[in-house]
Amino acid sequence: MSATTTNPEQKNIMDRLEPYLAFIGPMVMILAILIFMGIAEPARYFRLTNLNLILLDAALYMPMAMAMTFVITQRGIDLSIGSIAALSAILMAFLVKQYGFPAWVAVPLAIVLGALMGLINGLVITRFKVPDLIGTLAMDLVYRGLALVIAKGLVLARFPDLITEIGRGQIPGFIPVPVVLGLITMAIGYVVLTRTYFGRYTIAIGSNPEASEMTGVAVDRHKIYAYVLMGAAAAMAGVMLTGKLNAIQATSAPYFNLHVIAAVVVGGTSLFGGRASMIGSLAGVLLLSMMINALVTLRIEFFWQSVASGVVIVSSVALYTWMQKKDRDGAHGLMTALRSKEAQKLIRFSAALIGALILLLALGAGLATEPAPSG
């Protein structure tokens, strides 16, 4: 027997945990946030009302994170979801406010319109062979422009109870309605990803699209399906945002795409395709919502939140890119790989990046002063 052969029973705990690192990574960061905030601001951060705010914020991104997991796993990307959410919500608002449609009709129509926009994205990418990044970025401009043209600068507000319930309703003695809706979509996504042919084909296409096509998988058709799902999920998020604020305007949801992509990537879905984790995407959504809420609780200015999100994204992508290398550890296990020169460089770089972030946040907190009272 070769000296490098490893008995599965002799694997250490790190090797056993390796398949679950996509989920463990964000959970460790969530635990770190809880410990830090338990020391820094326990009274404000752990209030029931604040925990409710975290869940409401996370619920808004859950449907989109579910759909984006399929898109990214197929080596795609969608930068138009913020515009799809805004345009779908604007059209729903006009159906209700201007044309007297009942909310129970306008809401499904908005989701269908979002799916139609996702279909257009898919056709642009597969039929015209426009790269996903360029195609969805261009369509983002189109959808946002249409929203601006239709709304004409108006802020549409005061919607029927059904819409506000979707955005901020509360089940008595339970949890908020949008959280229930978000968790349901994530559960459906998990089942589809792990128990259906569509999920298997999604992973196969991301791993090797040419080989998938040679085995009879309709690659372009499945890509279109993923973008249709993405459009419908973005429209659903637009409805939830409208209900949450009880208002909508054409410039709403400007950062949906970056937030959702960050959550999915942090959760372990590979930007290079072929690896997905729906539970990891859920953990990523919760992590980013908790992190942003923590920064707000610490009275850090909004602009520093973008800095923190960017650092988390860079560190996560670097880690998962290293983990996905086929020749990463050979037969020597994870701990041996972590002791390699490449891994040590990555660890030092990540530590320096996080250290720089902490210094920047401290600087930002020090510079943030209360405005002097007038008079």
Side-chain angles (χ1 to χ4, degrees), residues 20-30 57-82 84-85 118 121 125 132-133 136-137 140 182-194 198-199 202-203 205-207 222-223 225-237 240 253 255-292 306 308-324:
Y20 307 100
L21 286 180
F23 173 69
I24 294 174
M27 291 306 298
V28 168
M29 289 187 277
I30 287 175
D57 181 67
L60 186 62
Y61 299 101
M62 288 179 191
M64 294 183 290
M66 178 274 294
M68 188 66 78
T69 301
F70 288 99
V71 171
I72 292 180
T73 303
Q74 292 187 3
R75 297 192 186 184
I77 201 77
D78 194 340
L79 300 180
S80 67
I81 58 176
I84 291 177
N121 285 352
I125 292 166
D132 303 65
L133 182 69
T136 57
L137 182 60
D140 176 73
L183 291 176
I184 289 174
T185 58
M186 294 297 297
I188 293 173
Y190 175 81
V191 172
V192 172
L193 181 65
T194 59
F198 180 74
T202 295
I203 295 174
I205 291 169
S207 299
H222 279 83
K223 284 187 175 181
Y225 290 161
Y227 280 103
V228 169
L229 179 63
M230 186 73 257
M236 181 177 177
M240 294 169 70
Y255 301 114
F256 268 14
N257 51 1
L258 296 180
H259 192 109
V260 172
I261 293 169
V264 172
V265 171
V266 167
T269 298
S270 174
L271 278 172
F272 306 103
R275 189 181 70 228
S277 173
M278 196 63 67
I279 297 178
S281 295
L282 175 60
V285 168
L286 291 172
L287 169 64
L288 289 183
S289 295
M290 291 176 64
M291 182 182 67
I292 291 175
S306 299
S309 298
V311 170
V312 170
I313 294 170
V314 170
S315 300
S316 300
V317 172
L319 173 63
Y320 293 131
T321 300
W322 173 76
M323 287 176 56
Q324 196 171 2

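- Nearest heavy atom pair, residue F256 against residue G82, reads CB-CA, 3.8 Å.
- To the nearest 0.5 angstrom, L60 atom CG is 10.0 Å from M236 atom CE.
- Nearest heavy-atom pair across G280 and P26 is O-CG, 4.5 Å.
- Taken from CG in L193 to CD1 in I188, the straight-line distance is 13.5 Å, to the nearest 0.5 Å.
- With T185 contributing its side chain and G182 its backbone, the two residues share a donor-acceptor pair below 3.5 Å.
- Distance CD1/I203 to OG1/T269: 9.5 Å, rounded to 0.5 Å.
- Here OH of Y61 is found 9.0 Å from CG of L288. Values are rounded to the nearest 0.5 Å.
- Here the rule is side-chain contact (heavy atoms from CB on, under 4.5 Å) with M66, and of V264, L229, I184, V285 only L229 fits it.
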Quiz item: Could you walk me through whether H259 and I292 pass the side-chain contact (heavy atoms from CB on, under 4.5 Å) check?
Solution: CA-CA 11 Å; H259 192 109; I292 291 175; 3.6 Å; yes
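- Across all non-hydrogen atoms, the minimal contact from G267 to S277 is O-CB, 3.8 Å.
- Using a 4.5 Å heavy-atom cutoff, the side chains of D132 and Y227 are in contact.
- Checking side-chain atoms of R75 against main-chain N and O of F272 turns up a donor-acceptor pair under 3.5 Å.
- Minimum heavy-atom separation, M240 to P63: SD-CG, 4.1 Å.
- With sequence neighbours excluded, the residues satisfying side chain to side chain contact (heavy atoms under 4.5 Å, CB included) with A235 are S88.
- A distance of 4.5 Å separates CD1 of I81 from CE of M230, quoted to the nearest 0.5 Å.
- A 4.5 Å side-chain heavy-atom check between N257 and D78 finds every atom pair outside the cut-off.
- Here the CD1-CD1 distance, from I261 to I72, works out to 5.5 Å after rounding to the nearest 0.5 Å.
- Residue pairs meeting the side chain to side chain donor-acceptor pair (under 3.5 Å) criterion with at least one member in residues 62-72, sequence neighbours excluded, are T69-S281.
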Practice problem: Evaluate side-chain contact (heavy atoms from CB on, under 4.5 Å) for T136 paired with I125, printing each intermediate quantity in order. | Solution: CA-CA 8 Å; T136 57; I125 292 166; 4.0 Å; yes
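- In plain terms, the two heavy atoms of G284 and V266 that are nearest each other are CA-CG1, 4.5 Å.
- Annotation for M186 and M62: closest pair SD-O, 3.2 Å, computed over non-hydrogen atoms.
- Under the 4.5 Å side-chain criterion, counting only non-hydrogen atoms from C-beta, T202 is not in contact with H222.
- Aromatic rings of F70 and F198 (six-membered ring for Trp) have centroids within the 6.0 Å cut-off, being under it.
- Side chains of I84 and N121 form a contact here, defined as non-hydrogen atoms less than 4.5 Å apart.
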